[in-house]
Protein chains: 2
Amino acid sequence: MNQIIDRPGVNTDAAKGKGERTRERILEIAEQAVLQKGFGATSIEEIICEAEITKSGFFYHFKDKNELARALLLRHIDQDEIILDQVFNRGQELTDDPLQQFLIGLKMLAELVEDLPNGHPGCLIAVYCYQERLFDQEVRQLNQQAVLGWRDRFRTILDRVVVQYPPNEPVDLDELADMVSTVVEGGIVMSKALGRPQMLANQIMLLRSFVKLLFAKQAG
Amino acid sequence: MNQIIDRPGVNTDAAKGKGERTRERILEIAEQAVLQKGFGATSIEEIICEAEITKSGFFYHFKDKNELARALLLRHIDQDEIILDQVFNRGQELTDDPLQQFLIGLKMLAELVEDLPNGHPGCLIAVYCYQERLFDQEVRQLNQQAVLGWRDRFRTILDRVVVQYPPNEPVDLDELADMVSTVVEGGIVMSKALGRPQMLANQIMLLRSFVKLLFAKQAG
DNA sequence: GAAAAACTGTACCGGCGGTAGGGTAATGTG
DNA sequence: CACATTACCCTACCGCCGGTACAGTTTTTC
């Protein structure tokens, strides 16, 4: 009695209809391809070949490539949201100190990306904003909202931090919140460029050092 | 008597032959397109259209798209090198203190990217490593060397800094050097994603705050 | 067992990367 | 000024790909 839940839209994997599973398979294959070659260079042909469906089958699920792009992004954003929730909520369970919560979250994030067997596969948000001309306004706005969502998330944490820990250097909290995204995006690029997956984790830990220095109470 | 220099290979713009100027125009147009749509989605057709040449003209300069990719990257790396040289050498002219040199360099870098009228156009290194499957081993190695070059540059500066300023938190100097690249690459992504050019400058200034906190002598 | 969902098959269009090869105008050189 | 090299243009062609159209078939679900 493993799969009892059967609410439409909130299905477990096994409870999904066949169409939904095929759609998911297409998205999974497409995401990998897009992260390795870019959106424009990813052909529908290769996707359907790997997914073992026909071209008609593909266009049954997505009316054109743009709709694939949108679906990919939505899926990616959702998955990121889940991961970040897990990581930073865990910090809240372990301590009441907001600074420690943030530091724990960053550490866990670093460990999480370090444990990825082949390194971080890449972030669709970065892919999309380096290929903006390929997408319509709606997709671009989605991208923007995702980034702003990250900012809000970390800004909320930082707002609680500064109550107890006045920063040792004047700093804009929105910009500091954005720095988490910056270091993750930049770290992924560096990891990919050098083929050294560990770099992303290292850079996140460096950011963590910065946060520590910024908020740690000075001696004296 | 403005252009006296006429050494082949080290020509000034005006002294370049006609072919060299056309080649340069192609590269300029191609770079813009690649930064906005990705390499795979940039058609030779549109490049020759904007450059007002024919397809044969294009293939006279580049035997295939891969050679265009390599030429683009080489040009991009060279230009970056020149800019970084200017910025960080200027710091060395203004003071003997290595920490101040680094801080001045970062500040000037931030100002430089802030003054770009349409924001930073993007970094080909990021484009290429998010589309690695499109390029051959040679191009990927070029990319890698460029990143390692940045690391060396900042590592050299940091080595001089730590002699006079012991860091307030244990830190790997290579990783810290890489953080400049990380923040620049990540900052570009953020700027593009939100359509706010200023973000890149802000993130560089935040990194500067980090460097200050890390090396500043503590009171007491 | 019927309706709906999830495809398959076939045929076609136009655009693009790339090749081949012959022709020509501009440019630098002795 | 002659000549060779450079720097292109023109035409024609190939095969792949995104996308459309639509009729037919299997699979799933109720």
Side-chain angles (χ1 to χ4, degrees), chain A residues 3 5-9 11-27 29-30 33-34 36-72 131 133-136 139, chain B residues 3 6-9 11-30 33-34 36-72 131 133-136 139:
Chain A
Q3 52 262 25
I5 307 166
D6 198 28
R7 289 165 294 163
N11 291 342
T12 57
D13 263 36
K16 279 174 182 166
K18 193 196 175 197
E20 201 58 33
R21 264 177 287 134
T22 302
R23 194 185 142 94
E24 193 65 24
R25 201 165 77 249
I26 294 172
L27 288 175
I29 292 165
V34 169
Q36 289 177 3
K37 313 197 301 183
F39 188 76
T42 296
S43 72
I44 295 178
E45 210 84 14
E46 62 176 297
I47 296 173
I48 65 178
C49 181
E50 206 177 325
E52 290 176 313
I53 54 172
T54 62
K55 199 182 260 195
S56 313
F58 175 87
F59 284 107
Y60 171 78
H61 288 284
F62 308 97
K63 77 168 203 282
D64 56 22
K65 229 185 165 191
N66 241 302
E67 200 170 297
L68 174 67
R70 186 163 47 248
L72 276 178
Q131 295 168 32
R133 280 285 148 80
L134 299 182
F135 309 109
D136 52 35
V139 170
Chain B
Q3 51 261 25
D6 198 29
R7 288 165 294 163
N11 292 341
T12 56
D13 264 35
K16 280 173 182 167
K18 194 195 175 196
E20 201 58 33
R21 267 177 284 133
T22 303
R23 193 185 143 96
E24 193 66 23
R25 202 165 76 250
I26 293 173
L27 288 174
E28 181 61 38
I29 291 166
V34 169
Q36 288 177 5
K37 315 196 301 181
F39 188 76
T42 297
S43 70
I44 295 178
E45 210 82 15
E46 63 177 297
I47 295 173
I48 64 177
C49 180
E50 206 178 325
E52 290 175 313
I53 54 170
T54 63
K55 199 182 260 193
S56 312
F58 174 88
F59 284 108
Y60 171 76
H61 289 284
F62 308 96
K63 78 167 204 280
D64 57 21
K65 230 185 162 191
N66 240 302
E67 200 171 297
L68 174 67
R70 186 164 47 247
L72 276 178
Q131 294 167 33
R133 280 286 147 83
L134 299 182
F135 309 108
D136 52 35
V139 171

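So you know, we letter chains A, B, ... as the sequences are listed, proteins then strands, and number each from 1. We use all heavy atoms of the structure for the numbers below, so side chains are in, but hydrogens, waters and symmetry mates are not.
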Shortest non-hydrogen contact from [X] toward [Y]:
| X | Y | result |
| --- | --- | --- |
| A:Phe59 | A:Asp64 | CE2-CA, 4.1 Å |
| B:Ala71 | B:Arg23 | CB-NH2, 3.7 Å |
| B:Gly40 | A:Ala41 | CA-CB, 3.8 Å |
| A:Leu68 | A:Ile26 | CD1-CG2, 4.3 Å |

Filtered N/O pairs between nucleotides 22-27 of chain C and protein, under 3.5 Å:
none

Shortest side-chain distance from B:Tyr60, nucleotide among D:dG18, D:dA7, C:dG18: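 Looking only at heavy atoms from C-beta outward on B:Tyr60, the closest nucleotide is D:dA7.
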Out of D:dC8, C:dC7, C:dG18, which has the shortest distance to the side chain of B:Ile44?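 Among the listed nucleotides, the one closest to the side chain of B:Ile44 is C:dG18.
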Got A:Tyr60 and A:Thr22 here, is their nearest side-chain heavy-atom distance under 4.5 Å?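 SC-SC contact between A:Tyr60 and A:Thr22 ruled out.
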Treating B:Arg133 as the side-chain partner and A:Gln36 as the backbone partner, does any N or O pair qualify as donor plus acceptor under 3.5 Å?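 Not a single qualifying donor-acceptor pair exists.
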With sequence neighbours left out, which residue pairs that include part of residues 42-54 of chain B fulfil the salt bridge (charged side-chain N to carboxylate O under 4.0 Å, His left out) condition? B:Lys37-B:Glu46, B:Glu45-B:Lys55
Looking at residues 47-55 of chain A, who's got a heavy atom less than 4.0 Å off DNA chain D?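 Listed by number, they are A:Lys55.
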Could you give the [atom1]-to-[atom2] distance, from [X] to [N], as a whole number of Å?
| X | N | atom1 | atom2 | value |
| --- | --- | --- | --- | --- |
| B:Arg23 | D:dC8 | CZ | P | 12 Å |
| A:Glu45 | C:dC16 | CD | P | 18 Å |
| A:Asp64 | D:dA21 | CG | C1' | 15 Å |
| B:Phe58 | D:dA7 | CZ | P | 16 Å |
| A:Lys63 | D:dA21 | NZ | C1' | 16 Å |
| B:Phe59 | D:dT11 | CZ | P | 18 Å |
| A:Glu20 | D:dT28 | CD | P | 16 Å |
| B:Leu134 | C:dG17 | CG | C1' | 13 Å |

Hey, does the side chain of B:His61 come within less than 4.0 Å of D:dC8's phosphate (OP1/OP2), counting only N and O?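 Yes, within the criterion.
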Does C:dC7 have OP1 or OP2 sitting under 4.0 Å from an N or O in the side chain of A:Thr22? yes
Taking it one step at a time, do B:Lys65 and B:Leu134 satisfy side-chain contact (heavy atoms from CB on, under 4.5 Å)? CA-CA 10 Å; B:Lys65 230 185 162 191; B:Leu134 299 182; over 6 Å; no
Inter-residue atom distance A:Ile48.CD1 - A:His61.NE2, 0.5 Å rounding: 12.0 Å
